[in-house]
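Report on the following structure.
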Amino acid sequence: MATTTAPTKARGRGDRWAGPGMLLPFSLFYLVFLVGPLIYTVVAGFFDTSLLKSGLGDFAGFSNYSTVLGDSEFWRTLKNTLWFTVLTTVPLVLLSLVLAILADRFVRGRWFFRFAFFAPFVLPSAVVALMFTFIYADQVGLAQQAATWVGVDTPPSWLGDPDWAMISIAAATVWWTLGFNFVLYLAGLQDIPRSVHEAAAIDGAGPWQRIRHVVVPMLGRTTTLVTVLQVVASLKVFDQIYMLTNGGPDGSTRPSLQLIYDTGFVEGRVGYASTVSLLLFVVILLVSLVWFALVRRAEKER
Amino acid sequence: MTATATPPVTEQQAPAAEPRRKYDAERLFNRVALGVLVAFSLLWLVPLAWALATSIRPAQEVITDPTSWFTAHPTLAAYGDIFDAGKLPYWYANSFITSILTTVLTVLAGSLAAFALSQTRFRARRVAFVMLLAGIMIPGQVLMIPQFLALQEAGLLNTYWGVVLPQVPNVVAVFVFKQFFDGIPRELIDAARADGASWLRTYRQIVMPISRPVISAVTIFVFVGVWNNFLWPLLVVTDPEMMTLPVGLTSVQDVFGVPYAQLMASAVLGAIPLLAVFALFQRRIVEGIAGTGLK
């Protein structure tokens with residue numbers, strides 16, 4: 001079978017379909033559940049599709065787009081989503097970087113730090129939401145209690161105050177997901193050869209200088225990866241907000257994904273929800289593409 | 001990768017000829033570093049510990065003194081309430097079944113596709129690879145409406161397959177497999193092929209047996225991901241006896257309202273299986289994450 005008739009890398013005749021054949025099962029899932037739905041989303045955005053009637057409904061042209069773009073609620077959910085992304089990405093990148101660099105200095109205790117930071121990450125969002133429902137509760141919650149311990153007389157209602165609700169959710173999210181980035185950074189640190197550390201130490205660089213001028217620059221690729229993954233994940237936020245505040249108080253924490261969920265599944269306006277889906281998709285795509293372009297330029301200049 | 005291959009720089013390893021001042025700076029830095037790490041890791045353990053502590057307190061005590069950590073009368077009453085009121089055994093079973101089904105299908109379809117992309121040569125291979133690459137950019141949640149409509153059309157709402165099938169096309173899993181397969185020595189594959197083994201047989205008898213590390217890494221991260229998925233089962237499952245654990249747990253809150261001992265008991269019951277998985281496979285999980293498209 002494997003005898004080659006030509007001296008080139010051509011393989012036996014029965015082989016021509018081996019590659020495509022092995023690719024087939026995955027491709028079917030990929031087409032049915034990713035590509036197909038994406039096409040449907042694009043198409044449904046041009047129709048007044050409703051969940052209550054079968055079929056696409058009446059052709060609507062760009063009217064869904066003009067409705068969505070003129071809808072202040074769309075812009076507000078987008079603003080909420082971006083605010084959540086900023087509130088989570090900054091600490092989740094910086095704090096995990098710092099903690100990983102520090103933990104990398106200790107061989108013996110490292111399993112403990114890895115456990116402490118990473119254990120929350122394996123919890124279902126529902127469990128995290130249950131825990132923080134109690135922690136953030138008015139009067140009886142640990143967070144208000146802790147605030148009074150440090151001298152705040154009247155701590156805010158963490159989830160009930162529109163100014164604080166998103167910050168509280170972001171803090172819970174940082175607690176929940178920090179371990180993932182922490183582990184990515186630890187892996188990045190493993191790849192820095194020991195000789196680099198030694199050379200810098202022999203040159204007389206103190207620990208702080210080594211971190212600033214050697215370790216952090218060498219983690220550049222990891223930082224890029226961590227940041228992009230984090231931004232994309234944060235833009236898709238839904239679970240913890242849905243369970244902790246359900247978008248409240250007064251819609252102040254409602255993210256874009258919940259607008260899609262509510263208009264699509266609760267109100268049945270599939271055409272409108274598809275348009276929002278596509279716009280959110282474009283935002284996520286643009287963010288990752290812009291980021292990659294910036295990184296490539298920065299790498300070329302180096 | 002081996003987790004402890006390169007020991008990091010510690011004070012003991014600082015060159016002996018180093019001036020004393022440098023050595024002191026190193027020691028001071030380590031002390032501060034350790035202090036910061038311990039403070040943060042304790043802070044990180046507080047919510048877990050508090051949930052556990054609250055769950056074993058009598059409900060009455062939680063009402064009178066909610067933020068206390070200790071109880072003179074530890075009780076498992078809250079756990080009993082959860083079992084009586086909810087459908088907890090169903091939820092555990094449903095989570096288990098859907099997670100296993102999804103994981104098996106993902107590993108099979110994903111590794112087969114990765115093998116085809118990595119080792120075989122066919123005309124559309126590059127196109128297929130680019131399309132797959134583009135798939136990483138598609139945020140699955142944004143597609144929930146058409147996915148839901150397709151499953152509704154197929155009559156799969158409130159079934160295991162409804163939960164499982166849309167989660168199978170896991171592009172990241174294919175990439176992790178492909179990276180591993182790209183590292184398999186060419187000669188090994190060629191030898192098998194020269195012996196007359198078909199591609200499928202080469203995959204099954206040569207490649208899969210030596211791929212255990214990557215298989216277990218993918219298995220664990222897919223399993224954990226499916227087990228924890230909330231939005232998708234929330235959409236396709238409305239029957240309480242078909243709910244997965246995360247979706248079922250949120251309905252506990254509606255049943256009990258405020259009683260926090262029961263809420264925390266639910267949280268602990270939801271956390272235990274995965275904390276156990278994590279404790280058992282800590283290294284594999286970490287390797288799986290570290291391999292997620294890093295290099």
Side-chain angles (χ1 to χ4, degrees), chain A residues 1-2 15 18-20 22-23 25-26 29-30 33-34 37-38 40-41 99 102-105 107 113 116-117 119 122-127 130-131 133-135 140 142 145 175 180 183-184 187 190 194 197 201-202 206-207 225 236 238-239 243 257 264 270 273-274 277 280-281 284-285 288, chain B residues 1 6-10 25-26 29-30 33 36-37 40-41 44-45 47 50-51 66-67 109-110 112-113 115-116 120 122 125 128 135 137-139 141-143 145-147 166 168-169 193-194 196 199 224 228 230-231 246 249-250 260 263-264 266-267 270-271 274-275 278 286 289-290 294:
Chain A
M1 245 195 286
D15 281 358
M22 294 170 94
L23 202 56
F26 184 86
F29 282 105
Y30 182 84
F33 291 109
L34 286 179
L38 187 61
Y40 179 91
T41 305
L99 292 173
L102 296 184
D104 194 52
R105 298 176 71 86
V107 192
F113 301 129
F117 296 131
V122 299
L123 301 182
S125 53
V127 168
L130 287 175
M131 287 167 61
T133 302
F134 188 17
I135 288 173
V140 300
L142 196 61
Q145 190 71 42
W175 175 83
F180 184 81
V183 165
L184 282 182
Q190 298 284 333
R194 229 178 93 61
H197 285 285
I202 288 168
L225 179 84
K236 293 188 290 190
F238 176 82
D239 298 11
M243 287 181 274
L257 211 53
V270 172
S274 294
S277 302
L280 181 63
F281 172 62
I284 293 175
L285 201 65
S288 20
Chain B
M1 75 174 43
T6 46
V9 177
T10 58
E26 206 81 27
F29 192 90
N30 271 352
V36 171
L37 277 170
F40 269 96
S41 47
W44 246 247
L45 292 173
W50 198 46
T67 51
L112 210 52
F115 180 72
T120 68
F122 56 96
R125 197 179 65 111
M137 298 285 197
I138 304 176
Q141 291 93 326
V142 170
L143 303 176
I145 291 171
Q147 289 177 343
V168 173
R193 298 283 297 140
W199 278 114
V224 171
N228 288 350
F230 174 74
L231 178 53
L249 283 181
T250 52
Y260 289 110
L263 277 192
M264 292 306 100
S266 319
L274 285 183
L275 287 181
F278 174 52
V286 168
I289 285 173
L294 246 189

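Keep in mind that this is a model prediction, so the values were computed, not measured.
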Self-check item: Atom of Ser125(A), atom of Phe230(B) and distance for their closest heavy-atom approach
Solution: OG-CB, 3.6 Å
Self-check item: Side-chain heavy atoms of Pro47(B) within contact of Trp175(A), under 4.5 Å
Solution: yes
Practice problem: Go through the atoms of Leu285(A) and report whether side chain, backbone, both or neither lie under 4.5 Å from a heavy atom of chain B. | Solution: side chain
Self-check item: Contact summary for Phe122(B) and Pro20(A), nearest pair of heavy atoms
Solution: CG-CD, 3.6 Å
Quiz item: Can you find a heavy atom in the side chain of Leu274(B) that is under 4.5 Å from one in the side chain of Val127(A)?
Solution: no
Quiz item: How close do Leu249(B) and Ala126(A) get, heavy atom to heavy atom, and via which atoms?
Solution: CB-CB, 4.4 Å
Quiz prompt | Interatomic distance, Met22(A) atom CE to Phe115(B) atom CZ [nearest 0.5 angstrom] | solution = 5.0 Å
Exercise. Indicate yes or no: at least one non-hydrogen side-chain atom of Trp44(B) is less than 4.5 angstrom from one of Leu99(A).
Key: no
Quiz item: Run the side-chain contact (heavy atoms from CB on, under 4.5 Å) check on Phe40(B) and Phe113(A) step by step: do they pass?
Solution: CA-CA 9 Å; Phe40(B) 269 96; Phe113(A) 301 129; over 6 Å; no
Practice problem: Quick one: pull up CZ in Arg105(A) and CG in Asn30(B) and give me the separation to the nearest 0.5 Å. | Solution: 4.5 Å
Quiz item: Between Ala109(B), Ala51(B), Ala128(B), which residue shows the highest count of heavy-atom pairs closer than 4.5 Å to chain A?
Solution: Ala109(B)
Quiz item: Looking only at heavy atoms, what is the nearest atom pair of Ala116(A) and Ser41(B), with distance?
Solution: CB-CB, 3.5 Å
Exercise. State whether the side chain of Gln147(B) and the backbone N or O of Phe33(A) hold a donor-acceptor pair below 3.5 Å, judged by distance alone.
Key: yes
Quiz item: Taking C-beta and beyond as the side chain, do Leu231(B) and Asp239(A) meet within less than 4.5 Å on heavy atoms?
Solution: yes
Quiz item: Checking Ile284(A) against chain B: side chain, backbone, both or neither under 4.5 Å from a heavy atom?
Solution: side chain
Self-check item: Check against side-chain contact (heavy atoms from CB on, under 4.5 Å), Thr41(A) and Ile145(B)
Solution: CA-CA 8 Å; Thr41(A) 305; Ile145(B) 291 171; over 6 Å; no
Quiz item: How long is the span from the CH2 atom in Trp50(B) to the CE atom in Met131(A), to the nearest 0.5 Å?
Solution: 9.5 Å
Quiz item: What's the spacing between Leu123(A) CG and Phe278(B) CZ if we round to 0.5 Å?
Solution: 10.0 Å
Quiz prompt | Choice from Gly270(B), Gly135(B), Pro139(B) maximising heavy atom contacts with chain A below 4.5 Å | solution = Pro139(B)
Quiz item: Can you find a heavy atom in the side chain of Leu112(B) that is under 4.5 Å from one in the side chain of Pro25(A)?
Solution: yes
Self-check item: Non-hydrogen side-chain atoms of Leu38(A) and Val142(B) separated by less than 4.5 Å
Solution: no
Quiz prompt | Residue part contacting chain A, namely of Ala271(B), when any heavy atom lies under 4.5 Å | solution = both
Quiz item: Side chains of Leu275(B) and Val122(A): does their closest heavy-atom pair fall under 4.5 Å?
Solution: yes
Quiz prompt | Heavy-atom check, side chain of Phe117(A) versus side chain of Leu37(B), under 4.5 Å | solution = yes
Quiz item: Looking at Phe29(A), Phe134(A), Tyr40(A), Phe26(A), which one has more heavy-atom pairs under 4.5 Å with chain B than the rest?
Solution: Phe134(A)
Exercise. Please flag which part of Phe238(A) lies under 4.5 Å from any non-hydrogen atom of chain B: side chain, backbone, both or neither.
Key: side chain
